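Here is the structure we will look at.
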Amino acid sequence: MAQREPSNGQIAAAFDELGDLYELDGAIVHRVVAYRAAAKAVREATVSVAGLARQGRATDIKGIGKTLQEKIVDLAETGTIPAAERLKAKYPPGLVELTHLPGLGAKRARLLHDELGVDSVESLRAAALAQQVRAVKGLGPKFEERILQVLAEPPEDPATRSPARVILPRAKEIAEEVAGALRERAPAGSEVLIAGSVRRQADSVKDLDLVATTTAPDQLAASLAALEQIDSVSSAGEAGARGLTHAGIPVELRIAAPPQRGNLLQHLTGSGAHNAALREVAVRAGRHISEYGVLDDATGVTTTCAEEQEVYRLAGLPYIEPELREDRGELQAARDGTLPKLITLADIRGDLHSHTHASDGHNTIEEMGTAARERGYQYFAITDHSASHGFGNAVSPEQLERQIELVAEANERVGGIELLAGSEVNILPDGSLDYDDELLARLDWVVASVHTSFAIGERAMTERMITAIEHPLVDMIAHPTGRLIERRAPYAVDLDAVFEAAARTGTLLEINGNPDRRDLSDSAARAAAAAGVTIVIDSDAHRVRTLENMRWGVATARRAWLTAGQVANTRSLAQLRKLRKRARRRAG
DNA sequence: GCCGTTTTCGGCCCGACTGTTTTCAGTCG
């Protein structure tokens, strides 16, 4: 193959762009929506969609049909999509950019183009300043003013439309502060609940959604402006209020009468795609779901629901957990009765990835072990970095031997929990490890992971990972894709091949609970489990406080549809030990 | 352009807000 395969990100971007172009061209909205849905599906895919398309299997992905599969093949073989080239010749790139401005969409961009020859941010600004925009039929002075305001907005380029997303713990913390402050100001009996992507426990969040029930809606909505977390409020009434935190995160507060609490909570929890799909299911059953109730076609009666369960029941479905509401097959599973019983934090019986001040952690073995015991764990692995970590405080082989003794001593002193002597060993670029086998064989728990040389290319990285996975003494691979949420993309690696090797060898793959990582991701962990891989959820704690990160790993596991049975560290230590490769080998 | 407990054709959520309108179109979530 002469040409490098387009990445999933590149394919998704091409579909988003093609959607924008078709929208400018006046295509029916469903076609445009189909492109955007396909872009999202490709972006979430864990394997090379270009590779799938070449084999004719991209249509297995929901949202990709024969036409889009052909376009992916075109993109892979020629570097472009003919339809996109044709449309790009028709509409200048600046025009597409205009459709991303707030308040402007395809229709108005096209109108400005046809009437005034506007084809860029610059020419739009000039037309608005010359008061030509207000003269266009259908537009007016208010719209023109708004345009100038939008174009003047510092500091970001208004055309990039990329509001910073906040990782989940930060978003959750602010949401809880705002909700708590609202509760304090609300009359007795009021309720303030967190909805939206925070409730779905997404990797990151772009706005905060709150649902309140109260007897004094005007008063509650007005009180949002008075909160110390809130910078400004753009609207407030009995239906709710919208504001901006000092960190620039939009907050939407919606208020319902108590009997409609379930309808509004369901609506505002989303996701948008889940709600749209749920409402389609309901329509087929002759019902119409909105945030106000469920309208029955046959009787003309709208039923309100105090609880979300009731909304789903009226759609003919069992309750669906918030973490599953991403339109990733949950409605089908609900109908078929195959929704998983999701793992919870309470199912976790041990943590198998942690650091002490022997490497880059901040507490002693004893402090970490005691804190783990206080969390109710039965076992806890100390896995400091190996010799070639490269970020200081590397543990030499001699130091690791000493560490094994220290863990054994701490185990005596702490009591009530089994401390395991382990290591997080570097996977070198050729797939080898940086301790010798004799030393590794003495450890209770061997974690291997990549910390250097991320950009060696997909083939080399895949071979590197598989070599480590096939190592008989490696129990688990930590943070298998190296991603950092909102900061660093996963390194190029063939996850299908990694999952196959892990399943074949009985090597466990981690969901790392560090909220910047959550690696494997939800969709990758789901694919891994489907491939027969057993998952471990860890905190990767570097101090006592971050043992708490286990919860973000569990959140990702829930979004990955995982049950307790698919996660190794929900088992007793005796059962966990039987899972280890070396035990399986002995058992034959 | 996708998809199938009605379907290989004919559908494809629901409502708020804004600004332009005189009954609605466009945009947004």
Side-chain angles (χ1 to χ4, degrees), chain A residues 15 18-19 21-23 25-41 58-72 81 83 98-112 133-147 149-150 161 163 195-197 206-209 234-242 250-252 254-255 260 263-264 266-295 302 311 315-317 327 331-332 334-337:
Chain A
F15 282 170
L18 201 42
L21 286 164
Y22 272 126
E23 196 179 20
D25 203 41
I28 61 159
V29 63
H30 303 108
R31 195 181 188 192
V32 176
V33 167
Y35 274 97
R36 302 212 167 121
K40 181 168 174 276
T59 52
D60 291 352
I61 299 171
K62 189 165 162 283
I64 310 276
K66 282 196 80 158
T67 306
L68 288 187
Q69 173 160 275
E70 282 167 19
K71 285 179 158 62
I72 295 167
I81 299 172
L98 286 186
T99 67
H100 298 157
L101 291 174
L104 257 178
K107 296 270 171 62
R108 283 171 183 161
R110 180 71 188 276
L111 186 64
L112 289 162
V133 170
R134 64 177 63 189
V136 176
K137 187 171 161 52
L139 307 178
K142 287 252 180 68
F143 176 77
E144 189 177 81
E145 236 170 79
R146 172 98 201 279
I147 288 295
Q149 208 177 1
V150 164
R161 192 183 55 163
S197 45
K206 81 173 190 313
D207 54 20
L208 307 177
D209 296 296
S234 59
S235 68
E238 62 172 14
R242 306 171 71 92
V251 178
E252 175 163 12
R254 291 277 297 263
I255 302 171
Q260 290 176 317
N263 302 105
L264 186 56
Q266 193 286 319
H267 171 71
L268 223 60
T269 296
S271 66
H274 170 85
N275 283 355
L278 173 66
R279 289 165 180 198
E280 279 185 41
V281 169
V283 166
R284 279 187 237 119
R287 298 205 170 93
H288 301 271
I289 297 176
S290 80
E291 60 264 55
Y292 301 106
V294 182
L295 167 67
T302 297
V311 179
L317 299 173
D327 193 26
L331 294 165
Q332 182 77 40
R335 205 185 59 204
D336 297 345

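Chain letters run A, B, ... following the sequence lines, proteins first and then strands; every chain starts at 1. Quick caveat: nothing in here was measured; it's all calculated off a predicted structure.
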Contact state string [nucleotides 16-29 of chain B, B base, S sugar-phosphate only, - no protein heavy atom under 4.0 Å]:
S--SS-----SSS-

Inter-nucleotide P distance (dC28(B), dT20(B)), Å rounded:
16 Å

Determine the interatomic distance between P on dT6(B) and the same-named atom on dC2(B); round to the nearest Å.
23 Å

Between dC14(B) and dT8(B), how far apart are the two P atoms, rounded to whole Å?
24 Å

C1' atom, dG1(B) versus dT5(B): distance in rounded Å?
23 Å

Could you give the CZ-to-C1' distance, from F15(A) to dG1(B), as a whole number of Å?
10 Å

Do R279(A) and H274(A) have a side chain donor and acceptor closer than 3.5 Å?
no

Could you give the distance separating dC3(B) and dC13(B) at their P atoms, to the nearest angstrom?
16 Å

Separation of dG1(B) P from K62(A) NZ (nearest whole Å):
18 Å

From CG of D60(A) across to P of dC3(B) the rounded distance in Å is 11 Å

Do NZ/NE/NH1/NH2 and the carboxylate oxygens of E144(A) and K142(A) come within less than 4.0 Å?
no

Tell me which one of L104(A), V133(A), V136(A) satisfies side-chain contact (heavy atoms from CB on, under 4.5 Å) with L111(A).
V136(A)

Expressed in angstrom and rounded to an integer, what is the separation of D327(A) atom CG from dC12(B) atom P?
16 Å

Whole-Å gap separating P (dG10(B)) and CZ (R31(A))
18 Å

Are the side chains of R36(A) and F15(A) in touch, meaning some heavy atoms are under 4.5 Å apart?
no

Hey, is the side chain of T67(A) poking within less than 4.0 Å of OP1 or OP2 on dC2(B), counting only N and O atoms?
yes

Any Lys/Arg nitrogen of K40(A) or D327(A) sitting under 4.0 Å from an Asp/Glu carboxylate oxygen of the other?
no

Nearest whole angstrom, please: distance from the C1' of dC2(B) to the CD of E280(A).
11 Å

Separation of the P atoms in dG15(B) and dC9(B), to the nearest angstrom:
32 Å

Using a 4.0 Å heavy-atom cut-off, does V283(A) contact any base of the nucleic acid, only the sugar-phosphate backbone, or nothing at all?
sugar-phosphate

Rounded interatomic separation in angstrom, taking CG from L18(A) and P from dC2(B):
11 Å

Quick one: H288(A) NE2 to dG15(B) C1', roughly how many Å, whole number?
14 Å

Just to be sure I understand the rule, does I289(A) reach a base, reach only the sugar-phosphate, or reach nothing, if contact means heavy atoms closer than 4.0 Å?
sugar-phosphate

Between L68(A) and A285(A), just flag the one whose closest nucleotide in DNA chain B comes earlier from the 5' side.
L68(A)

Under-4.0 Å salt bridge between E23(A) and R110(A)
no

